[in-house]
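A short write-up of the structure that comes next.
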Amino acid sequence: MACLTDLVNLNLSDTTEKIIAEYIWIGGSGMDLRSKARTLPGPVTDPSKLPKWNYDGSSTGQAPGEDSEVILYPQAIFKDPFRRGNNILVMCDCYTPAGEPIPTNKRYSAAKIFSSLEVAAEEPWYGIEQEYTLLQKDTNWPLGWPIGGFPGPQGPYYCGIGAEKSFGRDIVDAHYKACLYAGINISGINGEVMPGQWEFQVGPSVGISSGDQVWVARYILERITEIAGVVVTFDPKPIPGDWNGAGAHTNYSTESMRKEGGYEVIKAAIEKLKLRHKEHIAAYGEGNERRLTGRHETADINTFSWVRF
């Protein structure tokens with residue numbers, strides 16, 4: 001008799017041309033990911049060939065109960081590392097039935113900017129360094145930490161090896177390989193300064209594809225930690241005190257910046273960023289005031305600064 005693992009790992013291509021498409025979207029908090037699956041008659045490689053779908057937005061904090069339908073527009077396709085075969089992960093954004101982007105759909109405005117001729121000509125490159133912390137499910141305490149207690153001080157854990165310094169490497173390596181399988185341009189991983197904390201890097205990626213790839217990489221990580229019975233958090237400062245927080249450092253350049261004389265273009269861009277520091281900080285998500293204190297390898301949240309390495 002087949003066991004559960006046998007059924008989960010069934011190869012559908014042995015008996016049918018049909019595939020499973022997992023539609024993924026960002027929920028009402030702006031950080032939570034949601035997904036659901038549907039059957040398609042055969043393989044699809046172009047997101048424009050995928051059907052739109054819908055969901056109950058009142059259950060995700062994205063629509064009122066009396067008018068709860070939200071429409072999913074497929075935007076990017078990735079290979080599914082969980083079901084494998086011709087099955088796919090589909091990154092979507094969200095619209096009203098009338099075709100208007102809902103308030104939490106930040107991708108819509110970003111795609112308009114990236115698709116403009118002026119921006120496309122500059123071929124903006126992104127490299128995102130996404131930090132995260134692995135937590136024990138029943139206690140929400142970092143993986144590898146004694147329950148109710150603390151490990152030794154920071155120092156030996158960054159890029160560390162060994163059972164007393166590295167916690168969760170099997171999850172991290174599974175995520176790394178699953179992202180490569182999916183077609184995400186993941187460029188590396190490393191253990192971070194706080195024990196139980198890790199980082200993966202996505203890029204260089206061009207324009208809107210950078211965001212799609214980071215979100216699907218996060219989705220894959222959450223699915224893997226679900227299987228492992230571990231919680232992943234992107235909280236900026238999951239443990240108060242003398243412990244590093246977690247961020248998403250963003251490396252960026254344009255064609256003009258990468259050319260001869262590009263340093264002057266970079267300086268001009270930095271001066272523009274300086275003028276909108278408070279506005280940008282407000283858009284970077286909740287909780288950064290707990291992390292950006294001027295300590296633990298951060299700048300003060302209220303102070304704009306830059307340095308040439």
Side-chain angles (χ1 to χ4, degrees), residues 29-32 126-137 139-169 171-173 175-176 186-203 210 214-215 217-218 221-222 225 230-252 266 269-270 273-274 276-309:
S29 72
M31 279 297 295
D32 61 309
Y126 288 86
I128 312 295
E129 305 172 34
Q130 177 66 72
E131 295 174 328
Y132 60 93
T133 307
L134 298 174
L135 305 176
Q136 302 169 60
K137 183 168 70 72
T139 61
N140 272 348
W141 201 236
L143 200 66
W145 290 34
I147 301 300
F150 297 88
Q154 296 182 153
Y157 308 107
Y158 173 72
C159 296
I161 61 170
E164 78 284 13
K165 295 187 288 291
S166 178
F167 311 113
R169 189 182 296 276
I171 293 170
V172 174
D173 201 44
H175 175 248
Y176 194 175
I186 185 169
S187 48
I189 57 95
N190 61 266
E192 268 300 336
V193 177
M194 188 182 84
Q197 184 187 80
W198 293 82
E199 174 185 296
F200 66 88
Q201 302 94 33
V202 172
S210 176
V214 169
W215 277 109
R218 285 180 174 182
L221 179 59
E222 292 216 49
T225 53
V230 170
V231 174
V232 60
T233 178
F234 300 101
D235 187 274
K237 186 77 172 180
I239 305 297
D242 198 17
W243 304 98
N244 275 35
H249 305 127
T250 303
N251 303 280
Y252 172 78
I266 292 171
I270 289 172
L273 289 171
K274 181 179 181 179
R276 293 194 166 189
H277 177 63
K278 289 186 178 180
E279 181 182 343
H280 292 164
I281 285 290
Y284 291 157
E286 297 179 359
N288 281 310
E289 72 283 352
R290 293 182 281 115
R291 172 175 174 262
L292 300 177
T293 62
R295 301 181 63 220
H296 304 110
E297 303 177 45
T298 71
D300 178 76
I301 194 169
N302 297 308
T303 306
F304 183 90
S305 62
W306 69 281
V307 64
R308 180 178 181 178
F309 288 100

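Keep in mind that this is a model prediction, so the values were computed, not measured.
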Enclosure of Ile161 CD1 (heavy-atom neighbours >12, cutoff 6.0 Å): no
Atom pair CD1 (Ile128) and CG (Asn251), whose distance is rounded to the nearest 0.5 Å: 7.5 Å
Nearest-0.5 Å distance, OH of residue Tyr176 to CD1 of residue Ile186: 6.5 Å
Minimum heavy-atom distance Met194-Pro238, with the two atoms named: CE-CG, 4.2 Å
Rounded distance [0.5 Å steps], CG in Leu135 versus OG1 in Thr233: 6.0 Å
Contact list for residues 144-154, test side chain to side chain donor-acceptor pair (under 3.5 Å), sequence neighbours left out: Gln154-Asn244
Distance, nearest 0.5 Å, that separates CZ of Phe167 from CD of Gln136: 10.0 Å
Val231, Val232, Thr133, Leu134 screened by side chain to side chain contact (heavy atoms under 4.5 Å, CB included) with Leu143, the one that passes: Leu134
Closest non-hydrogen atom pair between Pro142 and Pro195, with its separation: CB-O, 4.1 Å
Parallel, tilted or perpendicular, as decided by the 30° and 60° cut-offs, for the rings of Trp141 and Phe150: perpendicular
Pairing residues for Glu297 by the salt bridge (charged side-chain N to carboxylate O under 4.0 Å, His left out) criterion, not counting sequence neighbours: none
Heavy-atom pair with the smallest gap, counting every atom of His296 and Trp243: NE2-N, 3.6 Å
Residue pair Arg295, Asp242: steps toward the side chain to side chain contact (heavy atoms under 4.5 Å, CB included) verdict: CA-CA 9 Å; Arg295 301 181 63 220; Asp242 198 17; 3.6 Å; yes
Summary of side chain to side chain donor-acceptor pair (under 3.5 Å) pairs that have at least one residue in residues 281-294, sequence neighbours excluded: Asp235-Arg290, His249-Arg291
Shortest non-hydrogen contact between Arg169 and Gly160, atoms and distance: NH2-O, 3.0 Å
Within the 6.0 Å centroid threshold, strictly below: Trp198 and Tyr157: no
Approximate separation, where rounding is to 0.5 Å, of Arg218 CZ and Phe200 CZ: 7.0 Å
Whether Ser166 side chain and Gly162 backbone form a donor-acceptor pair below 3.5 Å: no
Nearest-0.5 Å distance that lies between atom CD1 in Ile281 and atom CZ in Arg276: 14.5 Å
Chi angles and distances behind the side chain to side chain contact (heavy atoms under 4.5 Å, CB included) call for Val172, Tyr132: CA-CA 11 Å; Val172 174; Tyr132 60 93; 3.4 Å; yes
ring-ring contact (aromatic ring centres under 6.0 Å, His included) partners of Tyr158, counting only residues at least two apart: none
Expected output: side-chain His175 to main-chain Ala217 donor-acceptor under 3.5 Å: yes
Side chain to side chain donor-acceptor pair (under 3.5 Å) partners of residues 186-197, not counting sequence neighbours, each pair once: Asn190-Glu192, Asn190-Gln201
With a 3.5 Å cut-off and sequence neighbours excluded, list the donor-acceptor pairs that the side chains of residues 300-309 form with protein atoms.
| residue | atom | partner | partner atom | Å |
| --- | --- | --- | --- | --- |
| Asp300 | OD2 | Asn302 | N | 3.0 |
| Asp300 | OD2 | Thr303 | OG1 | 3.4 |

Residues Leu221, Phe234; criterion side chain to side chain contact (heavy atoms under 4.5 Å, CB included); working and verdict: CA-CA 11 Å; Leu221 179 59; Phe234 300 101; 4.2 Å; yes
